[in-house]
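Here's the structure, in structure tokens; my notes come after.
First listed ligand is number 1; within each ligand, the first listed atom is number 1.
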Amino acid sequence: MTQKWFTEILHADLAQQLKIDELLFEGRTEFQDAKIFANAHLGKVLVLDNVVQTTLGDEFVYHEMMAHTPLFAHGSPKTALIIGGGDGGLLNEALKHPSIEQVTMVELDGGVVDISRAHMPEISDGAFDDPRTNLIIGDGAKFATETDQRFDVIMIDSTDPQGPGEVLFSKAFYADCKRCLNPGGILVTQNGVPFLQGQELVDSVTHFRSLFADGSAYMITVPTYAFGMMALGWASDDAGARTVDLATLEARYAAAGFETQYYTPEVHRAAFALPMYVKKLID
Ligand code: SAM
């Protein structure tokens, strides 16, 4: 029997392949082609428009570092906004913080939420049913322009800057996010693999620095975000938020009282130590 393989096509001249051991869903949502399949090594894999979004095997890296780094840096976050994040993994991590009173999640494509809940419920782990969850199905850019809500942390868990996700990498969108942040608020963004998508990071950090007192990035390694370390964008008008000391982070982490698989206060601090090729890109 010939083995079926999924080939990710995100870059012009590089691709990665994951074996499809069992196809769990394949179809088109209102906005995107979607696939969910099982892979012996990664567990279940969510693919949108032929790009790997998240896998049960390594989602903890990305979702923990996108959520806990700004939330622990802030120190007493009560409200958070997630733009995108249809699989619910980031929502699940944000809700682990005892100080969080509400997470508003604005996901363009209700179909992604539906298929994730149906075929990959392990990632959201009940987060969609948490009373503190305020799920809105709509365009995140439009929401950021119109909302009168204010947030302590905003996390842009978007697809890559193509199709519906493109608007979430614009200066106008980042300016709207700034408008929606409380004093001392922090914005973090999914900003690709700089080894291949360096210009995307340069553009975002340039926008951050034109809008906020502090703009930079921090690095994580997610095996299925292929071809190297991934950058998460960071912006805040509180320049000290990016350099919270280790003892403070350790105290906040201990007080929060939940387990992690990747995030630690030391990893938090180390993630902001940028490799020279990334420093040269953004400085
Ligand atoms: N963790 C993944 C990653 O790092 O690539 C992304 C997770 S999530 C699946 C990305 C989500 O962004 C998708 O569900 C997609 O529908 C959503 N999205 C894309 N453009 C959007 C927009 N303009 N407003 C809100 N959500 C959007």
Side-chain angles (χ1 to χ4, degrees), residues 8 10-11 16 25 27-36 42 44-67 81-94 104-117 119-120 123-124 127-128 134-147 154-170 172-174 176-177 180 188-194 196-197 200-201 204 217-227 229-233 262:
E8 179 181 67
L10 177 58
H11 307 290
Q16 71 168 332
F25 175 85
R28 180 148 184 89
T29 65
E30 188 183 347
F31 294 92
Q32 300 164 100
D33 291 325
K35 261 194 200 75
I36 295 180
L42 296 167
K44 297 175 185 175
V45 180
L46 169 66
V47 169
L48 293 177
D49 287 345
N50 270 323
V51 177
V52 173
Q53 297 299 306
T54 193
T55 86
L56 283 182
D58 63 6
E59 60 83 21
F60 66 92
V61 178
Y62 172 86
H63 292 134
E64 287 184 15
M65 287 300 284
M66 179 169 267
L81 170 63
I82 295 172
I83 305 265
D87 50 85
L90 186 60
L91 177 64
N92 181 38
E93 292 301 330
T104 293
M105 177 169 146
V106 185
E107 163 56 57
L108 177 73
D109 193 341
V112 177
V113 175
D114 295 344
I115 64 174
S116 299
R117 294 191 74 161
H119 302 287
M120 285 178 92
I123 283 192
S124 55
F128 288 115
N134 171 31
L135 174 64
I136 297 169
I137 299 303
D139 178 72
K142 186 168 180 297
F143 175 85
T145 306
E146 296 171 353
T147 185
I154 298 179
M155 298 164 268
I156 314 301
D157 183 15
S158 70
T159 42
D160 288 278
Q162 59 194 25
E166 190 165 6
V167 67
L168 304 181
F169 291 78
S170 67
F173 172 64
Y174 294 141
D176 284 330
C177 290
C180 301
V188 293
T189 61
Q190 185 278 105
N191 249 112
V193 172
L196 291 170
Q197 300 163 292
E200 175 189 313
L201 181 63
S204 290
Y218 58 112
M219 306 300 288
I220 59 176
T221 301
V222 185
T224 49
Y225 296 162
F227 307 110
M229 300 173 88
M230 174 181 223
L232 298 179
Y262 187 94

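- Between Tyr62 and Tyr225, the ring-plane angle classifies as perpendicular under the 30° and 60° cut-offs.
- When each atom of ligand 1 is checked for a heavy atom of Asp109 under 4.0 Å away, the hits are 16 (O).
- Of all atoms in ligand 1, listed by their number and element, those nearer than 4.0 Å to a heavy atom of Asp87 are 7 (C), 8 (S), 9 (C).
- Near Gln190, with a cut-off below 4.0 Å to any heavy atom, the atoms of ligand 1 are 4 (O).
- Residue contacts with ligand 1: Ser158 is included, with a non-hydrogen atom under 4.0 Å away.
- Every residue meeting the ring-ring contact (aromatic ring centres under 6.0 Å, His included) condition with Phe25, not counting sequence neighbours, appears here in chain and number order: His119.
- Contacts of Leu48 with ligand 1, taken as heavy-atom pairs under 4.0 Å, involve the side chain alone.
- Ligand 1 places these atoms under 4.0 Å from at least one heavy atom of Val112: 14 (O).
- Among protein heavy atoms, atom 10 (C) of ligand 1 sits closest to Asp157 O, 3.2 Å.
- Heavy-atom distances between Gln32 and ligand 1 reach below 4.0 Å in at least one pair.
- Side-chain contact between Val61 and Met230: absent, with no pair of heavy atoms (C-beta onward) separated by less than 4.5 Å.
- Protein heavy atom nearest atom 2 (C) of ligand 1, with residue, atom name and distance: Gln53 O, 3.1 Å.
- Annotation: atom 23 (N) of ligand 1 to nearest protein heavy atom, Asp139 OD1, 2.8 Å.
- A donor-acceptor contact shorter than 3.5 Å links the side chain of Asp58 to the backbone of Thr224.
- The atoms of ligand 1 that sit less than 4.0 Å from any heavy atom of Gly86 are 8 (S), 14 (O).
- Residue Glu146 places its CD atom among more than 12 non-hydrogen atoms of other residues, nucleotides or ligands, all under 6.0 Å distant.
- Nearest to atom 14 (O) of ligand 1 among the protein's heavy atoms is Glu107 OE1, 2.8 Å.
- Ranking the protein heavy atoms by distance from atom 24 (N) of ligand 1 puts Gly140 N, 2.9 Å first.
- Between the side chain of Tyr262 and the main chain of Ile220, no donor-acceptor pair closer than 3.5 Å is present.
- Residue contact check: Gly85 has heavy atoms under 4.0 Å from atoms 8 (S), 11 (C) of ligand 1.
- With sequence neighbours excluded, the residues satisfying ring-ring contact (aromatic ring centres under 6.0 Å, His included) with Phe227 are His11.
- At a cut-off of 3.5 Å, with distance as the only test, no side-chain donor of Asp49 or Gln162 sits close to an acceptor on the other residue.
- Within ligand 1, counting atoms from 1 as listed, the ones closer than 4.0 Å to a heavy atom of Pro164 are 20 (N), 21 (C), 22 (C), 23 (N).
- Taking every heavy atom of Val106 and a limit of under 4.0 angstrom, the matching atoms of ligand 1 come to 25 (C), 26 (N).
- Side chains of Asp160 and Phe169 form no contact here, defined as non-hydrogen atoms less than 4.5 Å apart.
- If you look at Tyr62 next to ligand 1, the close heavy atoms, those under 4.0 Å, all belong to the side chain.
- Of the possible donor and acceptor atoms, one in the side chain of Gln190 sits under 3.5 Å from a partner among the backbone N and O of Gly192.
- Closest protein heavy atom to atom 4 (O) of ligand 1: Tyr225 OH, 3.1 Å.
- Closest protein heavy atom to atom 19 (C) of ligand 1: Thr159 OG1, 3.3 Å.
- Asp87 and Gln53 form no side-chain donor-acceptor contact under 3.5 Å, judged by distance and modelled atom types alone.
- Contact between Thr54 and ligand 1 is absent, with no heavy atom of the residue lying under 4.0 Å from the ligand.
- From the protein, the heavy atom lying nearest to atom 27 (C) of ligand 1 is Leu108 CB, 3.6 Å.
- A donor-acceptor distance shorter than 3.5 angstrom exists from the side chain of Arg28 to the backbone of Phe31, with no hydrogens or angles considered.
- Ligand 1 does not have Gly89 within reach: every non-hydrogen atom of the residue lies 4.0 Å or more from it.
- Without hydrogens or angle criteria, Ser170 side chain to Glu166 main chain gives no donor-acceptor distance under 3.5 Å.
- The backbone N or O of Phe143 sits nowhere less than 3.5 Å from a side-chain atom of Thr147 that would complete a donor-acceptor pair.
- Polar contact with ligand 1: absent for Val52 (N/O pair, distance under 3.5 Å).
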